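Written below as structure tokens is the structure these notes are about.
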Amino acid sequence: MAMCFLKPHYTHHLPSSTSILNSPFPKVSPTKSLFANGSSFSTRIPNHFRARPISSTPTKPFSFKAFSSQISASAPKPDEMPARVGFLGLGIMGSPMAQNLIKAGCNVTVWNRTESKCSPLISLGAKYKSSPKEVAASCDVTFAMLADPQSALDVACGEHGAAKGMSPGKGYVDVSTVDGATSKLIGTRIKATGALFLEAPVSGSKKPAEDGQLIFLTAGINLCDRSLFETVAPLLDIMGKSRFFLGDVGNGAAMKLVVNMIMGSMMASFSEGLLLSERVGLDPKVLVEVVSQGAISAPMFSMKGPSMVQSLYPTAFPLKHQQKDLRLALGLAESVSQPTPIAAAANELYKVAKSRGLSEEDFSAVIEALKVKLQSQSKE
Ligand SMILES: NC(=O)C1=CN([C@@H]2O[C@H](COP(=O)(O)OP(=O)(O)OC[C@H]3O[C@@H](n4cnc5c(N)ncnc54)[C@H](OP(=O)(O)O)[C@@H]3O)[C@@H](O)[C@H]2O)C=CC1
Ligand SMILES: O=CC(=O)O
């Protein structure tokens, strides 16, 4: 069962169970139908709203429930939100997310491995604690936005990890992009303390994080965790534009990995197109424009294309994280024997880019892995 809550007023009846796994020509694609009314996804509206269910389809695998969201002009009242909010991990994503919570009036306590990254948030009013354990002990709900499975595990379950500060009545929301097994492990450790757990990876990059426009892909271990989803909803709505509840832990991670697998392959293919267009004497800037006007247009191409043409890669989504996501997505595919040859090829390209020192650049720098030295080629 999947449920979607959106910031804008949105009423859309999604199709019930449809499998695309066995038929090359499915009559209805849930994904296509979900985004059929695409304009609702890009509408900028006030940050705070309340959501209520309006209709449902029978609960079964791969079915969806449609919800309508009502926009409220006023911010959530302080007594409707968890009083004390912790935030662990203040990188490209964590910093603006925590900042939005502070700006919305939340009582936020932060921690980051590199302590200096806490300073800008402290100057905005955040409190500081010197370990994840202390943050969790002093807060009602703690969010974690860490680099990868290992760091998410260390911060949640390490010696001074958040689990050590958790207890009944508290909640832990991991918004990092990790694999389902890591998420389940973290969830199990957190729940052993009597606290609740939600995995909630986000779709959307640096700018959506700054603008409070992220898409939360949440899942919980049981019905109690569903209640944590309700509890933190006002906080998710400060940081994001929509939130999906996807059922059991692992489903949020899987959804995020599938989305980023598509994204990584798209970027690799776009890179090939830019370079080929230039090779045959076309202006790649014009290619970006042509693509933007047609059926394969994507905000990602329009946003990143112009800087890629100039060999500039200002980091929004680090290339090392995109490669990590492809690696994890391939593991997911392997676990169900699903062929993903395009993603596997794209992954190789990101690995080459990493080996050329591009890990910290934006993932659009993958184009560099395709550039050939014209001089040495003309000698051949
Ligand atoms: N950037 C993007 O566009 C998006 C990223 N994501 C995902 O969100 C997560 C965070 O991404 P992003 O903010 O870009 O990444 P950054 O690399 O900017 O930040 C990573 C964070 O993890 C911390 N960290 C890394 N290793 C450890 C460790 N061993 N112990 C403790 N803390 C550690 C870093 O601390 P320190 O400051 O000390 O290095 C930092 O706070 C990733 O899983 C990424 O895949 C999801 C959607 C979009
Ligand atoms: O994970 C990256 C994103 O843009 O989403």
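All of these numbers come straight from a predicted model, not from anything done at the bench. Both ligands and their constituent atoms are indexed starting at 1 by order of listing.
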Within a distance under 4.0 Å of any heavy atom of F317, pick out the atoms of ligand 2 and give their elements. 1 (O), 2 (C)
Heavy atom to atom 20 (C) of ligand 1, shortest distance: which of A209, P96, A147 holds it? A147
Would a 4.5 Å heavy-atom cut-off, applied to side chains only, mark V110 and L90 as touching? yes
Identity and separation of the nearest protein heavy atom to atom 10 (C) of ligand 1: L146 O, 3.6 Å
Is it the case that over 12 heavy atoms from other parts of the model lie below 6.0 angstrom from the NZ atom of K133? no
Can K256 be said to touch ligand 2, with heavy atoms closer than 4.0 Å? yes
What do you reckon, is NZ of K191 surrounded by more than 12 foreign heavy atoms closer than 6.0 Å? yes
In this structure, atom 19 (O) of ligand 1 is nearest to the protein heavy atom G91 CA, 3.4 Å
How far is atom 3 (O) of ligand 1 from its nearest protein heavy atom, and which residue and atom name does that atom have? S205 OG, 2.5 Å
Does D140 reach the main-chain N or O of V85 with its side chain, forming a donor-acceptor pair under 3.5 Å? no
Heavy atom to atom 5 (O) of ligand 2, shortest distance: which of P318, G204, A209 holds it? G204
Go through it in stages, so that I can follow the logic: the residues are K371 and S311, the test is side chain to side chain donor-acceptor pair (under 3.5 Å), and I'd like the CA-CA distance, side-chain angles, deciding distance and then a yes or no. CA-CA 11 Å; K371 289 187 178 171; S311 303; 2.9 Å; yes
Around atom CG of L330, are there more than 12 heavy atoms from other residues, nucleotides or ligands closer than 6.0 Å? yes
Only heavy atoms of G89, strictly under 4.0 Å: list the atoms of ligand 1 that pass. 41 (O)
Under 3.5 Å, N or O to N or O, is K320 touching ligand 1 that way? no
When rounded to the nearest 0.5 Å, the distance separating OG1 of T109 from CG of L121 is 11.5 Å
Give the contacting part of T177 toward ligand 2: side chain, backbone, both or neither, where contact means a heavy-atom distance below 4.0 Å. neither
Report yes if D148 has an N/O atom closer than 3.5 Å to an N/O atom of ligand 1; otherwise report no. no
Can you name the atoms of ligand 1, numbered from 1 with element, that are less than 4.0 Å from a heavy atom of M145? 8 (O), 9 (C), 10 (C), 21 (C)
Backbone or side-chain N or O of T114 under 3.5 Å from ligand 1 N or O: yes
Among all protein heavy atoms, pick the one closest to atom 35 (O) of ligand 1 and tell me residue, atom and distance. N112 OD1, 3.6 Å
Counting only heavy atoms closer than 4.0 Å, does ligand 1 sit against the backbone of I92, its side chain, both, or neither? both
I'd like to know if K324 contacts ligand 1, where contact means a heavy-atom distance under 4.0 Å to any ligand atom. yes
What I want to check is whether the side chains of T315 and K206 have a donor and an acceptor closer together than 3.5 Å. no
For the side chain of R84 and the backbone of V141, is there at least one donor-acceptor N/O pair under 3.5 Å apart? no
Ligand 1 contact by G204, heavy-atom criterion under 4.0 angstrom: yes
Approximate separation, where rounding is to 0.5 Å, of E230 CD and F245 CZ: 9.0 Å
Report, in ascending order of atom number, the atoms of ligand 1 lying under 4.0 Å from any heavy atom of K256. 47 (C)
Residue portion contacting ligand 1 (non-hydrogen atoms closer than 4.0 Å) for R113: both
Can a side-chain donor-acceptor contact be found between Q323 and K354 if the only test is distance below 3.5 angstrom? yes
Quick one about N260 and K256 (side-chain donor to acceptor, distance below 3.5 Å, no hydrogens or angles considered), yes or no? yes
Distance, nearest 0.5 Å, that separates CE of M267 from CD of Q322: 8.5 Å
Would you mind listing which atoms of ligand 1 come within a distance below 4.0 Å of any non-hydrogen atom of P318? 1 (N), 14 (O)
Could you list the atoms of ligand 1 found under 4.0 angstrom from a heavy atom of L90? 41 (O)
Side-chain donor-acceptor contact under 3.5 Å, T182 with D179: yes
Is it the side chain (CB and beyond), the backbone, both or neither of K117 that lies under 4.0 Å from ligand 1, heavy atoms counted? side chain
Flag for Q293-S297: side-chain donor and acceptor within less than 3.5 Å: no
One finds that the ligand 1 atoms under 4.0 Å from a non-hydrogen atom of A316 are 1 (N), 2 (C), 3 (O)
For M263, is the nearest heavy atom under 4.0 Å from an atom of ligand 2? yes
Which ligand 1 atoms are under 4.0 Å away from a heavy-atom of V155? 31 (C)
How long is the gap from CZ on R356 to CG on L319, to the nearest 0.5 Å? 12.0 Å
Is there any N or O on D325 that sits under 3.5 Å from an N or O of ligand 2? no
From M93, K206, M263, H321 - option closest to atom 16 (P) of ligand 1 by heavy atom: H321
Taking atom 7 (C) of ligand 1 as the reference point, the nearest protein heavy atom with its distance: T177 OG1, 3.4 Å
